[in-house]
Peer 1: 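Below is a structure I'd like to ask you about.
Letters A, B, ... are given to chains in the order of the sequence lines, protein chains preceding strands, and every chain is numbered from 1.
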2 protein chains.
Amino acid sequence: MPEQENNEMRSAEFDREQVLRAAMTAFMEKGYAKTSMQDLKAATGLHPGSIYCAFQNKRGLLLAALEQYNRDRGDELQALFSQFSSARAGLAAYLTHVVDECVSCDPQKLCLTQKALNELAEQDTEAQAILSEQCAMWRNALCAVFERIADQGELTGARTPLDRARSLIVSIYGLRTFAHTHPEPQIMRDLGAQILKDVCQ
Amino acid sequence: MPEQENNEMRSAEFDREQVLRAAMTAFMEKGYAKTSMQDLKAATGLHPGSIYCAFQNKRGLLLAALEQYNRDRGDELQALFSQFSSARAGLAAYLTHVVDECVSCDPQKLCLTQKALNELAEQDTEAQAILSEQCAMWRNALCAVFERIADQGELTGARTPLDRARSLIVSIYGLRTFAHTHPEPQIMRDLGAQILKDVCQ
DNA sequence: TTAGTTTTTGAATGCTTATTCAAGATATGA
DNA sequence: TCATATCTTGAATAAGCATTCAAAAACTAA
């Protein structure tokens, strides 16, 4: 009888979150295709066998890392907005934060969701499903922000919060892509300020 | 003496533009890293030796394809705008065209410049230089469009044409990224309309 | 036609890759 | 302390990759 039901099994020695965050940064720096198992071994400290045991394969590790990334970013977003009683001030701070990430040119500060979207949304339908849901979560979070801004009377025009959330997501995607060629701080800041204006109008 | 100066040399049998367009679509569908030389052989009809003779290596073929893509897109843009006496109507048609490409979900209709920007701008500085210049050309073309719109008295606010051109590029990058998860025609059209409004305000 | 030169061809090369697996190490429960 | 089950290890595997090269084909010039 190889199976035991009630006994405590020996648990893995590595810290799952730590491993996933290491994998995240590896994928961010090189992209999925160019990150080899050797790279992942070096980044995570796990031997190939352990990776395959824990995550099935390289793709499984990416999907798990994507989900960890989404959780981390969700927490981060909530923490940032909870610092502001004015929702509009929170949004301004959020955009400034994104612009700062773009300007830093630090590969570890780009958006893994966006990177994965560009690299494998068209090829891998399972990844696309995960990414679609993550985008929906992001959209909903931003939608709630715009509802709060509206409640606080800081919105000019008649657009719905959902419309605004979508436009903001489009703008942030664009900002991050644009930064690949033009990370000049002044230009990036101006673009961020204009986005805030347009989306609150 | 192996070198001949004045004699006509035998010319290659393949059509360079045709080969580059075939390579373009191959790279668009799979991205640079995942497109193998086998794929490129199948797409272009050229044997490996010929590709290496004409373009040095796989990366050289990509760079040449990027330049062909940029030429083609520049011509296309000029052709589109020349159909309209109202520059603002031309811009509206341009945005509609981009939205249609997004909605089609056809891998051959995405933007190779943007795809390359995402995949290898951070790793390959020579590619980054080429892409930066292509983006500058695009920006200048759009800047000229906004100057014409201003001359025709169709611009509301006080922003410079250059600012507007940059914002439009950001928005189009974002639109194309967004479409990877949400290519619903109505949403995409609304986003396109909003971008036009914001950028002409 | 013929000689000379170039392109085309596609098999061979050597390297890298993701993945597997059996042996060794280690924790658990009695 | 021992027996057992689990995790860890890293070398082995097989497939795929970009690239090369020498032979064959084909164009040019005479």
Side-chain angles (χ1 to χ4, degrees), chain A residues 1-20 22-24 26-27 29-66 116 119-120 123-124 126-127, chain B residues 1-20 22-24 26-27 29-66 116 119-120 123-124 126-127:
Chain A
M1 290 290 147
E3 308 249 348
Q4 292 183 235
E5 298 286 337
N6 288 333
N7 285 355
E8 296 251 340
M9 293 195 301
R10 183 183 168 196
S11 61
E13 277 176 8
F14 61 86
D15 179 306
R16 192 183 160 92
E17 286 197 6
Q18 196 174 305
V19 163
L20 288 178
M24 264 167 46
F27 285 130
E29 288 189 21
K30 294 203 174 191
Y32 174 70
K34 273 195 196 141
T35 304
S36 68
M37 287 303 297
Q38 268 201 116
D39 295 331
L40 292 168
K41 182 192 162 188
T44 63
L46 256 51
H47 291 252
S50 298
I51 294 180
Y52 279 81
C53 178
F55 304 103
Q56 292 252 70
N57 50 29
K58 182 183 161 188
R59 182 166 159 276
L61 178 56
L62 173 77
L63 299 186
L66 279 175
E119 187 171 352
L120 41 84
Q123 308 251 58
D124 183 329
E126 191 183 344
Chain B
M1 289 291 147
E3 306 250 346
Q4 292 185 236
E5 297 287 335
N6 288 332
N7 285 354
E8 297 251 341
M9 292 196 302
R10 181 185 169 195
S11 59
E13 277 178 6
F14 61 85
D15 180 306
R16 192 182 159 92
E17 288 198 5
Q18 196 175 305
V19 163
L20 288 177
M24 267 166 46
F27 286 130
E29 288 189 21
K30 293 203 176 190
Y32 175 69
K34 273 195 196 142
T35 304
S36 68
M37 287 303 295
Q38 268 202 116
D39 293 332
L40 292 167
K41 181 191 160 188
T44 63
L46 255 52
H47 291 253
S50 297
I51 294 179
Y52 279 81
C53 178
F55 305 102
Q56 293 250 71
N57 50 29
K58 182 184 160 186
R59 180 166 159 277
L61 178 56
L62 174 77
L63 299 185
L66 280 175
E119 186 170 353
L120 41 85
Q123 310 252 57
D124 183 330
E126 192 183 344

Peer 1: Once you round it to whole Å, what is the distance between C1' of D:dA18 and OH of B:Y32?
Peer 2: 9 Å
Peer 1: Once you round it to whole Å, what is the distance between P of D:dG10 and NZ of A:K41?
Peer 2: 6 Å
Peer 1: Hey, which sits more toward the 5' end of DNA chain C by its nearest nucleotide, A:N57 or B:G45?
Peer 2: B:G45
Peer 1: How long is the straight-line distance from CD of B:Q18 back to CG of B:L46, given to the nearest 0.5 Å?
Peer 2: 10.0 Å
Peer 1: Can you work out whether B:G49 or B:K58 has the more 5'-proximal nearest nucleotide on DNA chain D?
Peer 2: B:K58
Peer 1: For C:dT17, take OP1 and OP2 only and decide whether either is under 4.0 Å from a side-chain N or O of A:Q38.
Peer 2: yes
Peer 1: Give the rounded distance in Å between these two atoms: CZ of B:F55 and C1' of D:dT19.
Peer 2: 16 Å
Peer 1: Please answer whether the main-chain N or O of B:T35 pairs with a side-chain N or O of B:K58 as donor and acceptor at a distance below 3.5 Å.
Peer 2: yes
Peer 1: Run the side chain to side chain contact (heavy atoms under 4.5 Å, CB included) check on B:D124 and B:R59 step by step: do they pass?
Peer 2: CA-CA 10 Å; B:D124 183 330; B:R59 180 166 159 277; 2.4 Å; yes
Peer 1: Within a radius of less than 6.0 Å around CD of B:Q123, do more than 12 heavy atoms belonging to other residues, nucleotides or ligands occur?
Peer 2: yes
Peer 1: Does OP1 or OP2 of C:dT8 have a side-chain N or O of B:H47 closer than 4.0 Å?
Peer 2: no
Peer 1: Using whole Å, what does the distance between atom P of nucleotide C:dA18 and atom OH of A:Y52 come to?
Peer 2: 7 Å
Peer 1: Taking CG from A:L40 and P from C:dT19, how many angstroms apart are they, rounded to a whole number?
Peer 2: 11 Å
Peer 1: Is the closest basic N to carboxylate O distance between A:K34 and B:E119 below 4.0 Å?
Peer 2: no
Peer 1: What integer distance in Å separates B:R16:CZ from C:dT7:P?
Peer 2: 13 Å
Peer 1: In whole angstroms, how far is the C1' atom of D:dC7 from the CG atom of A:L46?
Peer 2: 11 Å
Peer 1: Measure the distance from CG on B:L61 to C1' on D:dT19 and round it to the nearest whole Å.
Peer 2: 14 Å
Peer 1: B:M37 side chain: which of C:dT8, D:dT9, D:dT19 is closest?
Peer 2: D:dT19
Peer 1: From the list D:dA11, C:dA18, C:dG10, which nucleotide is the closest neighbour of the side chain of A:P48?
Peer 2: D:dA11
Peer 1: Under 4.0 Å, heavy atoms only, any strand: does A:S36 hit a base, just the sugar-phosphate, or nothing?
Peer 2: sugar-phosphate
